[in-house]
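Per chain, numbering begins at 1; letters A, B, ... match sequence-line order. Everything numeric here is computed off the predicted structure, so don't read it as measured data.
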Amino acid sequence: MLEYLAPELLEKKKVVERKVLPDLPDVEGTVVMRMAPSPSGPLHIGHSRMAILNDEYTKRYGGRLILRIEDTNPLNVENYAYDMIREDLDWLGVKYHEVVIQSDRFNIYYNYAKKLLEMGKAYITLCDEKEWRRLKLSRLPCPDRDLDPSVHLDRWEEMLSGKYGNREAVYVVKTDLTHPNPAIRDWAAFRIIRRARHPRTGEKYIVYPLMNFSVAIDDHELGLTHVLRGKDHINNTYRQLYIFDYFGWKKPVYIHYGKVKIENSILKTSIIKKGIKDGNFSGWDDVRLGTLAALRKRGISPDAIRKYWIDAGLKEVDIVFSWENLYAYNRTIIDPVAKRFFFVWDPVKVGVKSREELIANIPLHPNIDMGKKVYRLGREFNIYMTTQDFSSLKENDMFRLKDLGNFRFDGKFIIFENNDLSLIKKLKIFHWVPENSIRCNVIMPDGSEKSGLVEPEISRFQGGIVQFERFGYVNLFMGDTISGYFAHN
RNA sequence: GCUCCCGUGGUGUAGACCGGUCAAGCAUUAGGGACUCUCAAUCCCUCGACGCGGGUUCAAAUCCCGCCGGGAGCACCA
């Protein structure tokens with residue numbers, strides 16, 4: 001029907017189509033979501049997925065986003081990471097409405113732990129660790145499991161008061177020992193860690209909640225409606241659901257997205273930490289790393305990262321991260337603002353001769369008026385070209401120096417012939433810089449360094465993302481010297 | 001080994017629930033072309049996929065079965 005009446009409407013619909021995330025299921029009332037990083041280090045590109053997706057959804061539904069810092073493992077918490085995570089999120093443009101730090105909430109966890117013991121839904125086992133696990137795999141209880149709740153409550157108090165050493169007693173949540181999936185059967189919820197210093201609570205606590213317990217409690221306490229998490233947490237979700245069932249809580253909607261395989265990048269905090277300590281990496285923002293700090297330094301726009309994750313969606317299939325696609329998104333963002341400069345790597349000095357005074361008038365951007373760079377060069381002067389370009393010339397070859405003119409190579413000098421632009425389709429086009437150019441080192445993503453010369457007019461500007469023609473986009477830092485970090489070509 | 005999940009071009013994604021309009025769309029990459037000036041941008045063109053085998057059906061990427069392949073978990077990490 002519509003086809004007859006208004007075929008153009010159907011056409012239009014197709015054109016407007018663009019990539020958006022699917023709607024969240026079961027939305028009623030205010031959407032509340034959370035990001036739950038662990039402060040073991042700053043965020044990397046993998047973490048940014050959960051941050052962006054949560055942000056997108058809470059913004060779409062006008063909901064609330066909670067940053068919950070999961071620091072219940074004192075062995076893996078770094079004091080500096082708390083602030084770094086927040087800086088990374090700010091840079092990403094992720095808006096969170098509340099910050100919750102789990103190490104502030106021990107009493108909440110303890111209270112629920114006690115309740116669960118009273119309900120007979122948890123126990124404290126003194127059994128040998130390996131034996132307990134062996135029995136579990138055989139669907140059998142360890143002897144402690146069926147003791148009266150009062151015994152477990154006593155043991156709980158003893159645990160808290162320090163009667164037991166590390167690993168001597170452990171608090172376990174009962175699930176179903178006959179559950180077909182061994183991963184779901186009785187799971188540990190609190191452990192004892194003595195002689196550890198937590199950056200925020202010091203040695204105040206020795207009984208630490210494990211992730212499944214604190215997460216379940218907090219997801220309820222904070223009133224979450226939707227939980228986005230990686231599919232590596234699927235079994236954890238099943239485990240946590242027991243807590244919701246025991247207390248009769250309303251469950252959030254869980255959505256699990258697939259694993260991301262990120263190649264050609266270093267993401268593991270333990271490796272990075274060691275590398276920094278050993279002096280192999282310059283810091284958390286070493287460009288060889290996949291940290292957000294490193295990407296920021298390279299001039300990757302947070303909006304490119306956002307677009308990338310929206311495009312990837314949240315399917316449960318595993319995906320391979322594509323740097324190419326991220327760069328493509330970044331390019332469309334930075335290209336309209338990146339001023340163009342000539343950067344000559346592997347420079348070689350070349351003598352130029354001309355019958356007339358040469359003046360170069362070079363636009364800062366090919367498509368957008370950003371002004372010009374002007375170089376008065378004279379009749380006889382030197383320039384620099386890349387060794388590669390210059391050595392490709394044979395005697396009497398004609399070629400063009402971009403934005404300067406057409407030249408002939410006489411075997412020693414290059415001779416200005418004309419500035420006839422109609423010839424450019426036939427000539428090779430090279431770039432160049434004047435003799436008074438400035439030294440510039442560019443750090444490549446693999447850590448190697450490209451040294452060269454950048455045209456002097458660059459000093460009028462403050463740095464940031466630029467394009468070095470025929471080289472690539474570079475994030476420049478202007479100081480006593482000019483240094484750059486290669487983004488991509 | 002056990003439990004669960006998933007398989008659309010190089011990469012990501014749409015379509016699959018409600019079989020036909022899908023001889024499979026979009027984006028990116030790669031290759032080519034255009035462009036009075038970049039190995040950039042823009043525009044145009046090209047290459048490129050329903051894991052395999054059966055079944056149901058007039059009709060299957062879509063439903064069913066088997067196989068193959070990939071992944072997650074089976075931690076007193078998160």
### Query
Below 4.0 angstrom from OP1 or OP2 of B:U28, is there any side-chain N or O of A:Arg331?
no
[X] side chain, from C-beta outward: closest of [options]:
{"X": "A:Glu316", "options": "B:C5, B:G73, B:A72", "answer": "B:C5"}
{"X": "A:Lys402", "options": "B:C37, B:C76, B:A78", "answer": "B:C37"}
{"X": "A:Pro182", "options": "B:C37, B:C2, B:U28", "answer": "B:C2"}
{"X": "A:Tyr473", "options": "B:A27, B:A41, B:U38", "answer": "B:A41"}
{"X": "A:Gln467", "options": "B:G70, B:C74, B:U38", "answer": "B:U38"}
{"X": "A:Ala183", "options": "B:U36, B:C74, B:U3", "answer": "B:C74"}
{"X": "A:Ser38", "options": "B:C4, B:G71, B:A78", "answer": "B:A78"}

Would you call [X]-[Y] a salt bridge at under 4.0 Å N-O?
{"X": "A:Asp219", "Y": "A:Lys251", "value": "no"}
{"X": "A:Arg306", "Y": "A:Asp55", "value": "yes"}
{"X": "A:Arg340", "Y": "A:Glu469", "value": "no"}

Report all side-chain donor-acceptor pairs from residues 36-44 of chain A shorter than 3.5 Å, counting only partners two or more places apart or in another chain.
residue : atom : partner : partner atom : Å
A:His44 : ND1  : A:Gly46 : N            : 2.9

Pair up each side-chain donor or acceptor in residues 127-137 of chain A with any protein partner under 3.5 Å, not counting sequence neighbours, and list the distances.
residue  : atom : partner  : partner atom : Å
A:Asp128 : OD2  : A:Lys130 : N            : 3.2
A:Asp128 : OD2  : A:Glu131 : N            : 3.0
A:Glu129 : OE1  : A:Arg167 : NE           : 3.1
A:Glu129 : OE2  : A:Arg167 : NH2          : 2.9
A:Glu131 : OE1  : A:Arg134 : NE           : 3.3
A:Glu131 : OE2  : A:Arg134 : NH2          : 3.1
A:Trp132 : NE1  : A:Tyr123 : OH           : 3.1
A:Lys136 : NZ   : A:Asp186 : O            : 2.9

### Any donor-acceptor N/O pair under 3.5 Å between B:C76 base and A:Glu129 side chain
yes
If you restrict it to nitrogen or oxygen atoms, what contacts under 3.5 Å exist between nucleotides 10-12 of chain B and the protein, and what is each distance?
residue : atom : partner  : partner atom : Å
B:U11   : O2   : A:Asn325 : ND2          : 3.3
B:G12   : OP1  : A:Val320 : N            : 2.7
B:G12   : O2'  : A:Asp311 : O            : 3.4

